There are 2 protein chains.
Amino acid sequence: MTQEPPPVPSGRIGYLLARAGGRAIRNLNRALEPYGLRSRHYTVLSASAEHGGLSQRELGLVLGADPSAVVALVDDLQRKGLVRRDPHPEDRRTRLVVVTEEGARTLAETRKLARGVDDELLADLGPAERRTLEELLLRLR
Amino acid sequence: MTQEPPPVPSGRIGYLLARAGGRAIRNLNRALEPYGLRSRHYTVLSASAEHGGLSQRELGLVLGADPSAVVALVDDLQRKGLVRRDPHPEDRRTRLVVVTEEGARTLAETRKLARGVDDELLADLGPAERRTLEELLLRLR
DNA sequence: TATTGTTATACTCTATAACTATA
DNA sequence: TATAGTTATAGAGTATAACAATA
């Protein structure tokens with residue numbers, strides 16, 4: 001019976017990122033279950049709110065997801081009354097995803113859950129280390 | 001037409017991790033295509049080689065995957081002759097996943113690809129920053 | 001009783017191609 | 001011709017439950 005902790009493949013930053021990221025996503029999914037939402041819904045909601053409305057193409061870029069995947073996510077949020085699809089003032093092809101008042105309320109509540117998941121993930125890091133990590137992550141390609 | 005780069009939801013380290021990790025995984029999958037392998041196969045190969053043989057249960061912990069998912073991955077690698085399932089000397093339930101000579105050769109080649117994916121991801125970071133990032137990632141829960 | 005590996009299965013995610021309406 | 005959104009669909013990935021062999 002082996003007792004050692006599982007080893008980690010050397011020189012694989014991508015692997016470490018994906019493993020920790022996957023864990024964070026799974027934890028947030030679990031936390032969002034009572035709302036009938038998943039982490040990607042939260043990201044759509046959060047990104048739309050911060051920008052005051054985003055096209056679905058832009059949301060795809062934020063999520064790193066295919067536009068076809070965005071459609072289903074926005075459908076879900078719209079069905080729950082958390083976002084609207086407004087016409088774009090200049091381009092009639094484009095539809096702006098705008099957070100409703102109820103969406104803003106849900107966002108405020110779920111943001112706490114998202115922060116909680118991050119706090120758990122980063123529990124062993126100090127505030128300065130946490131900032132360093134975030135800064136480095138933002139500079140990845 | 002909006003010209004700004006897509007914004008990132010604030011205070012979401014888990015999100016940043018998952019996004020960068022997902023990109024790294026996709027890039028490695030693409031690079032491994034000529035070998036008929038995917039990034040999870042590479043991780044199994046790499047972890048087994050470093051430890052000199054791992055049980056499938058341990059591989060599941062390394063991958064952060066269900067044991068049932070490990071079975072299929074090891075099946076694939078065994079079919080290609082890159083790993084063997086050896087009996088465990090002390091526990092007859094357990095089967096040790098051991099890298100074959102051909103597996104070691106494939107690992108040496110694909111390791112270069114994995115390093116290349118990491119290098120691309122980290123192109124904007126200096127060596128010290130890169131070490132810092134890796135160290136912080138290893139301390140995440 | 002608990003654990004390792006296995007199978008089957010269902011569900012989610014992701015990726016692709018084709019279509020429409022607009023530009 | 002190119003782009004935004006949409007639909008349908010196939011393929012990966014993930015999770016769960018049940019089972020046999022072994023502890």
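Just so it is clear: chains get the letters A, B, ... in the order the sequence lines come, proteins before strands, and each one is counted from 1. Bear in mind the structure is a predicted one, so any value in this text is a computation, not a measurement.
- For C/dT6, the OP1/OP2 oxygens have no side-chain nitrogen or oxygen of B/R93 closer than 4.0 Å.
- Across the interface with DNA chain C, nearest-nucleotide mapping of A/R92 and A/R38 shows A/R38 to be the residue nearer the 5′ end.
- When the nearest nucleotides of DNA chain C are assigned to B/R85 and A/A69 by heavy-atom distance, the more 5′-ward of the two goes with B/R85.
- In this structure, B/E135 pairs ionically with B/R139, as a charged nitrogen and a carboxylate oxygen lie closer than 4.0 Å.
- If you check C/dT7, D/dG5, C/dT22 against the side chain of B/D75, the one that comes closest is C/dT7.
- Distance from the side chain of A/D91 is smallest to C/dA23 among D/dA15, C/dA23, D/dT7.
- In this structure, the CD atom of B/Q56 is 10 Å from the P atom of C/dT7, given to the nearest Å.
- With C/dT14, D/dA15, C/dA21 as the candidates, the nucleotide lying closest to the side chain of A/R40 is C/dT14.
- In this structure, CZ of B/R95 is placed 17 Å from C1' of D/dA23, rounded to the nearest angstrom.
- Going from atom CD of A/E90 over to atom P of D/dT3 covers 18 Å, rounded to whole Å.
- Closest approach to the B/S68 side chain among D/dA17, D/dA23, C/dG5 is made by D/dA17 (side chain taken as heavy atoms from C-beta onward).
- Between B/K112 and B/D119, no side-chain nitrogen of the basic residue sits less than 4.0 Å from a carboxylate oxygen of the acidic one, so the salt-bridge criterion is not met.
- If you measure from atom CD of A/E58 to atom P of D/dT3, you get 15 Å, rounded to the nearest angstrom.
- When the C1' atom of C/dT12 is taken as reference, atom CG of A/D66 falls 16 Å away, rounded to whole Å.
- The neighbour count for A/E101 CD, taken as heavy atoms of other residues, nucleotides or ligands under 6.0 Å away, does not exceed 12.
- In this structure, A/E120 places its CD atom where only 12 or fewer heavy-atom neighbours from other residues, nucleotides or ligands lie under 6.0 Å away.
- For A/T94, whose side chain is taken as the heavy atoms from C-beta onward, the closest listed nucleotide among D/dA4, C/dT14, D/dT6 is D/dA4.
- Looking at B/R57, its side chain has no donor and acceptor atom pair within 3.5 Å of the base of C/dT4.
- Separating the CZ atom of A/R30 from the C1' atom of C/dT12 is a distance of 15 Å, rounded to the nearest angstrom.
- Between B/R85 and B/Q56 the shortest side-chain heavy-atom distance falls below 4.5 Å.
- Between A/H88 atom NE2 and C/dT22 atom C1' there is a gap of 13 Å when expressed in whole angstrom units.
- In this structure, the CG atom of B/L54 is 14 Å from the C1' atom of C/dT4, given to the nearest Å.
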